[in-house]
Amino acid sequence: MLQIGDITIHLINDVTAYVDPGGAFGLVPRALYSRYLMPDERNFIPMCHLSLLVQAEGRNIVIDTGFGTKNMKLAARLMSVRPDAMNGLMRGLDALNVTPQDIDLVIDTHLHSDHCGGNTYYVEGGSEPVAAFPNAEYVVQRREYEDARQPNERTRATYIADNFEPLVTSGQMRLLDSDSDLAPGIRGVVTPGHTPGHMSIIFESQGQHGAFICDMASFAVHFERLGWMTAYDVEPLITLETKRKWQRWALDTDATLIFPHDCKRPVGQLKDEEGGKPFLVPLDVPVFGLDVADFNARY
């Protein structure tokens, strides 16, 4: 676990998928990105899908809910994942002796299906999705919700209404209009680029700082290098400037940073090298749910 002052953070990997590196690295040439992550013989690279269990002042908070279980066959076909190698969030919560009923707040950084698919599930024999965390309030940025409701040809495969619409309709999901305090020491800040309404989560307690960067920088190397970003970013040049701002903040505060899809360096602290090239010093933090070793053992 991580400790940021009085805030306890557990990393839980919902699933490890193998994907084409063209998505993860966009315009970055293979000769460069392969220094950090070499594709396998199928030209795939691993992407973890981290959720967080955050415990602060007696509250249990989940940040991002992974793929969930509603679209396992689709995920298996598109991302080389077998259904029995999914649902790591619930397995991780169980390992931490936390039930879905114990969760007080769910924070969706954005509404791409690999980050919010676990918001809801289908009851056996039922056809309507219900809240996976029945006692929790869910929150997301209003701009993100509005974009998700009106997807275009590029985004409609990942903005799936069953992941969020039932929660808004029932009143269980609250829409945020800007940067927002979500719990003591926990703040959601709009970090546009990946999507216009994308949100990262800042932790501040007892003079210590941390951040769930989320898809502002999917991998640690994306945060080290301002010009590197994924092909999934809707507004890549805005991503670049967003990273510039938060890279400076990370250096100034010595913050602990969490990256959602990096299986090798999911956590670390950014340091300033001579010559102005920041680099991430990784931290060894246990990951619950499904880790890379578990995934590789299955295939």
Side-chain angles (χ1 to χ4, degrees), residues 11 13-51 64 66-67 71-82 85-86 88 109-110 112-115 117 153-159 191 193-195 198 200 212-240 242-243 247 257-268 270 277-280 282 287 289-299:
L11 277 63
N13 187 28
D14 185 62
V15 66
T16 303
Y18 273 87
V19 301
D20 189 297
F25 289 105
L27 296 176
V28 180
R30 179 188 174 102
L32 294 181
Y33 71 69
S34 61
R35 299 176 188 175
Y36 303 94
L37 194 57
M38 177 63 72
D40 65 16
E41 68 280 357
R42 301 170 297 170
N43 195 42
F44 287 169
I45 59 169
M47 290 185 75
C48 290
H49 288 76
L50 293 182
S51 302
D64 282 357
F67 272 108
N71 297 292
M72 283 186 165
K73 290 183 179 179
L74 177 63
R77 179 168 60 85
L78 295 180
M79 306 189 77
S80 300
V81 180
R82 279 177 26 191
M86 299 183 71
T109 61
H110 60 302
H112 285 174
S113 59
D114 61 326
H115 289 262
E153 290 80 0
R154 180 172 177 178
T155 61
R156 64 188 176 198
T158 192
Y159 282 145
T191 49
H194 185 65
T195 70
H198 179 274
S200 301
F212 184 48
I213 294 298
C214 205
D215 281 339
M216 183 207 314
S218 298
F219 293 170
V221 70
H222 292 136
F223 201 68
E224 293 171 319
R225 285 157 176 72
L226 294 180
W228 288 33
M229 56 206 72
T230 74
Y232 312 125
D233 287 16
V234 174
E235 301 172 317
L237 294 182
I238 292 179
T239 298
L240 190 155
T242 298
K243 289 195 295 181
Q247 192 185 77
L257 309 173
I258 306 169
F259 303 94
H261 297 302
D262 197 322
C263 297
K264 297 180 68 174
R265 296 190 297 168
V267 184
L270 199 67
K277 294 183 178 180
F279 65 98
L280 192 89
V287 178
L290 294 168
D291 63 19
V292 176
D294 184 23
F295 179 82
N296 287 335
R298 295 171 179 267
Y299 292 89

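Worth saying up front: this structure is predicted, and the values here are computed from it rather than measured.
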For Thr109 and Cys214, the nearest pair of non-hydrogen atoms, with its separation, is OG1-SG, 3.1 Å
So which atom in Leu11 and which in Pro266 form the shortest heavy-atom distance, rounded to 0.1 Å? CD2-CB, 4.3 Å
Looking at every heavy atom in both Gly227 and Leu240, which two are closest together, and how far apart are they? CA-CD1, 4.3 Å
Shortest non-hydrogen separation from Ala217 to Pro260 and the atoms involved: O-CD, 3.9 Å
For Asp262, which residues count as a side chain to side chain donor-acceptor pair (under 3.5 Å) partner, sequence neighbours excluded? none
Centre of Tyr18's six-membered ring, under 6.0 Å away, within 45 degrees of the axis: is that where NZ or CZ of Arg42 sits? yes
Tell me whether the rings of His115 and His110 are parallel (<30°), tilted (30 to 60°) or perpendicular (>60°). tilted
Value for SG (Cys48) from NZ (Lys264), rounded to nearest 0.5 Å, stands at 12.0 Å
Should Phe223 and Leu257 count as side-chain neighbours, where that means a heavy-atom distance under 4.5 Å? yes
Can a donor-acceptor pair be found, under 3.5 Å and without considering hydrogens, that links the side chain of Gln247 to the backbone of Leu226? no
Measuring only between side-chain heavy atoms, which start at C-beta, is Ser200 closer than 4.5 Å to Phe212? no
Taking C-beta and beyond as the side chain, do His194 and Thr230 meet within less than 4.5 Å on heavy atoms? yes
Any side-chain heavy-atom pair of Asp215 and Tyr232 under 4.5 Å: no
With distance as the sole test, does Lys243 use its side chain to make a donor-acceptor pair with the main-chain N or O of Trp228 at under 3.5 Å? yes
Would you give the length of the straight line joining atom CG of Asp233 to atom NE2 of His222, rounded to the nearest 0.5 angstrom? 8.0 Å
Whether the Asp14 and Ser51 side chains hold a donor-acceptor pair (N or O, under 3.5 Å, no angle test) is what I'd like checked. no
Do His198 side-chain atoms and Thr191 backbone N/O form a donor-acceptor pair below 3.5 Å? yes
Taking C-beta and beyond as the side chain, do Pro236 and Met229 meet within less than 4.5 Å on heavy atoms? yes
How far apart are the C-alpha atoms of Ile45 and Val19, what are their side-chain angles, what is the distance that settles it, and do they pass the side-chain contact (heavy atoms from CB on, under 4.5 Å) test? CA-CA 6 Å; Ile45 59 169; Val19 301; 4.0 Å; yes
Are Ile258 and Ile213 packed together at the side-chain level, in the sense that at least one heavy-atom pair is separated by less than 4.5 angstrom? no
Within this structure, what is the CZ-CG distance for the pair Phe279 and Leu270, rounded to the nearest 0.5 Å? 8.5 Å
Side chain to side chain contact (heavy atoms under 4.5 Å, CB included) partners of Thr158, counting only residues at least two apart: His112, Ser113
Walk me through whether Arg265 and Glu224 qualify under salt bridge (Lys or Arg N to Asp or Glu O under 4.0 Å). CA-CA 12 Å; Arg265 296 190 297 168; Glu224 293 171 319; 3.0 Å; yes
So, does His49 use its side chain to make a donor-acceptor pair with the main chain of Thr16 at under 3.5 Å? no
Considering only distance and modelled atom types, tabulate donor-acceptor pairs under 3.5 Å from the side chains of residues 22-38, sequence neighbours left out.
from: Arg30; atom 1: NH1; to: Asn43; atom 2: OD1; distance (Å): 2.9
from: Ser34; atom 1: OG; to: Arg30; atom 2: O; distance (Å): 2.6
from: Tyr36; atom 1: OH; to: Arg225; atom 2: NH2; distance (Å): 2.8

Does any part of the side chain of Leu280, heavy atoms only, come nearer than 4.5 Å to the side chain of Phe259, both counted from C-beta? yes
